[in-house]
**Q** 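Got a structure for you, written out below as structure tokens; questions coming shortly.
Because only heavy atoms are used, hydrogens play no part in the values below, and waters and symmetry mates are left out as well, while side chains stay in. Not measured: the values here are computed from a predicted model. Every chain is numbered from 1 and lettered A, B, ... according to where its sequence line falls, protein lines coming before strand lines.
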2 protein chains.
Amino acid sequence: MTRKTISRAGKPLSIDLLERMADILKILAHAHRLKIVEFLEARGASPVHKIMEEIGLPQAVTSQHLNQMRRIGLLSAERRGQEVWYAIADPRALTILDCIRRKES
Amino acid sequence: MTRKTISRAGKPLSIDLLERMADILKILAHAHRLKIVEFLEARGASPVHKIMEEIGLPQAVTSQHLNQMRRIGLLSAERRGQEVWYAIADPRALTILDCIRRKES
DNA sequence: TTTATTTATTGATATATTTCTATATTATTA
DNA sequence: TAATAATATAGAAATATATCAATAAATAAA
């Protein structure tokens, strides 16, 4: 008795909106970035060195991934002393993670 | 009184699964492909020429987008005479579309 | 069998993305 | 101020992706 799909079909989305949607998906569409989102969900806001430690990526690469996600508003960044703490800022990051976590629907 | 996020945080996802997730997102992360998914949701299974007409893309490009989505199982394809009818095969395609359609959560 | 219709594939080119190495910036501590 | 720690950025090389033009393949109709 589970609902297969919640129908939301309505007015077609403008190509402009679709492009913004695609930009968000494009940024999330990377295993390391997904892992970063997952980590931030589990542990909450964290400084870069904790994140790169967890993900096991070089400093520059980690920083670049974090900045990409911050630029489009998926993450927020706040400097605290010599550290910069990143956190999930757009709940859609989690929603999309969830969408894929479930095997379906 | 709306739930901001449904917490699904559990065991961390394997890098392998994250890569498969990223592959699905990567394919969806394109305005034209999202539009195709939206169209197939609204109109149901359709032949290629109807889709390219609707999206306004050249035949080769449309065919290539459709094939990418079929390869990873997002769409299904069935030949009917000289036409090939495509349809949404993986409900996650719609779920992700929905995730972005809503402004948040 | 020839022709027309629909879809797929190939090769080339253009553009974008990822990663690396090295260096720069910002803040802290000696 | 000099040295250290944390993070960001720039430039280059490697890889991936998108699009186009042309052609191939599959089916149907004449």
**Q** Taking only N and O in the side chain of B/Tyr86, is any of them less than 4.0 Å away from OP1 or OP2 of C/dT6?
**A**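 No.
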
**Q** What is the distance, to the nearest angstrom, from the NZ atom on B/Lys26 to the C1' atom on D/dT15?
**A**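 Between C1' of D/dT15 and NZ of B/Lys26: 11 Å.
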
**Q** Measure the distance from CD on B/Glu19 to P on C/dT18 and round it to the nearest whole Å.
**A**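 Between P of C/dT18 and CD of B/Glu19: 13 Å.
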
**Q** Counting only side-chain nitrogens and oxygens, does A/Arg33 get under 4.0 Å of the OP1 or OP2 atom of C/dT18?
**A**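 True: A/Arg33 side-chain N/O within range (under 4.0 Å) of C/dT18 OP1/OP2.
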
**Q** To the side chain of A/His49, which of D/dA6, D/dA8, C/dT6 is closest?
**A**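 Closest nucleotide to the A/His49 side chain: D/dA6.
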
**Q** Should A/Gln82 be listed as having a side-chain N or O under 4.0 Å from OP1 or OP2 of C/dT29?
**A**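 No, because none of the side-chain N or O atoms of A/Gln82 sits under 4.0 Å from OP1 or OP2 of C/dT29.
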
**Q** Separation of B/Asn67 atom CG from C/dT10 atom P, in whole Å?
**A**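 So the CG-P distance, B/Asn67 to C/dT10, works out to 11 Å.
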
**Q** With a 4.0 Å cut-off, would you call A/Arg20 and A/Asp23 a salt bridge?
**A**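 Salt bridge between A/Arg20 and A/Asp23, a charged N being under 4.0 Å from a carboxylate O: no.
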
**Q** Would you mind reading off the distance between A/Arg71 atom CZ and D/dT9 atom C1', rounded to a whole angstrom?
**A**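 A/Arg71 atom CZ is separated from D/dT9 atom C1' by 10 Å.
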
**Q** Is there side-chain contact between A/Val84 and A/Glu78, with at least one heavy-atom pair below 4.5 Å?
**A**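 No, every pair of side-chain atoms sits at 4.5 Å or beyond.
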
**Q** Nearest-nucleotide wise, let me know which of B/Leu66 and A/Gln68 is further upstream toward the 5' end of DNA chain C.
**A**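 On the 5' side of the pair lies B/Leu66.
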
**Q** Looking only at the side chain of B/Val84 (C-beta and beyond, no hydrogens), which of the listed nucleotides C/dT7, D/dA22, C/dT18 gets closest?
**A**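 The closest nucleotide is C/dT7.
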
**Q** In the structure I gave you, are the side-chain heavy atoms of B/Leu18 and A/His30 within less than 4.5 Å of one another anywhere?
**A**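 No. Closest side-chain heavy atoms not under 4.5 Å.
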
**Q** Answer yes or no: is there a side-chain heavy-atom contact under 4.5 Å between A/Ile100 and B/Ile96?
**A**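 The answer is yes; the side chains approach within 4.5 Å.
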
**Q** Can you tell me if B/His30 touches the phosphate of D/dA16, counting only side-chain N or O atoms and a distance under 4.0 Å to OP1 or OP2?
**A**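 No, because none of the side-chain N or O atoms of B/His30 sits under 4.0 Å from OP1 or OP2 of D/dA16.
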
**Q** Within the structure, does a side-chain N or O atom of A/Gln64 lie under 4.0 Å from either OP1 or OP2 of C/dT17?
**A**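 So the side-chain polar atoms of A/Gln64 never come under 4.0 Å of the phosphate oxygens OP1 or OP2 of C/dT17.
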
**Q** Taking the side chain of A/Gln59 as its heavy atoms from C-beta onward, which of D/dT9, C/dT28, D/dA8 lies nearest to it?
**A**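 Comparing D/dT9, C/dT28, D/dA8 against the side chain of A/Gln59, the answer is D/dA8.
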
**Q** Return the value, rounded to whole Å, for the distance between atom CD of B/Glu83 and atom C1' of D/dA25.
**A**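 Going from CD in B/Glu83 over to C1' in D/dA25 covers 17 Å.
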
**Q** Could you state the CG-P distance from A/Asp23 to C/dT17, rounded to the nearest angstrom?
**A**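 The distance from CG of A/Asp23 to P of C/dT17 comes to 8 Å, rounded to the nearest Å.
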
**Q** Could you check how far CD1 of B/Ile51 sits from P of C/dA8, rounded to whole Å?
**A**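 For the pair B/Ile51 CD1 and C/dA8 P, the rounded distance is 9 Å.
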
**Q** Is any side-chain heavy atom of A/Leu17 closer than 4.5 Å to a side-chain heavy atom of B/Arg101?
**A**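 No - every pair of side-chain heavy atoms lies 4.5 Å or more apart.
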
**Q** May I ask you to evaluate whether A/His65 reaches the phosphate of C/dT17, defined as a side-chain N or O under 4.0 Å from OP1 or OP2?
**A**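 Checking A/His65 against C/dT17: no side-chain N or O falls below 4.0 Å of OP1 or OP2.
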
**Q** Find the distance B/His32:NE2 to D/dT17:P and express it as a whole number of Å.
**A**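 Going from B/His32 (NE2) to D/dT17 (P), I get 18 Å.
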
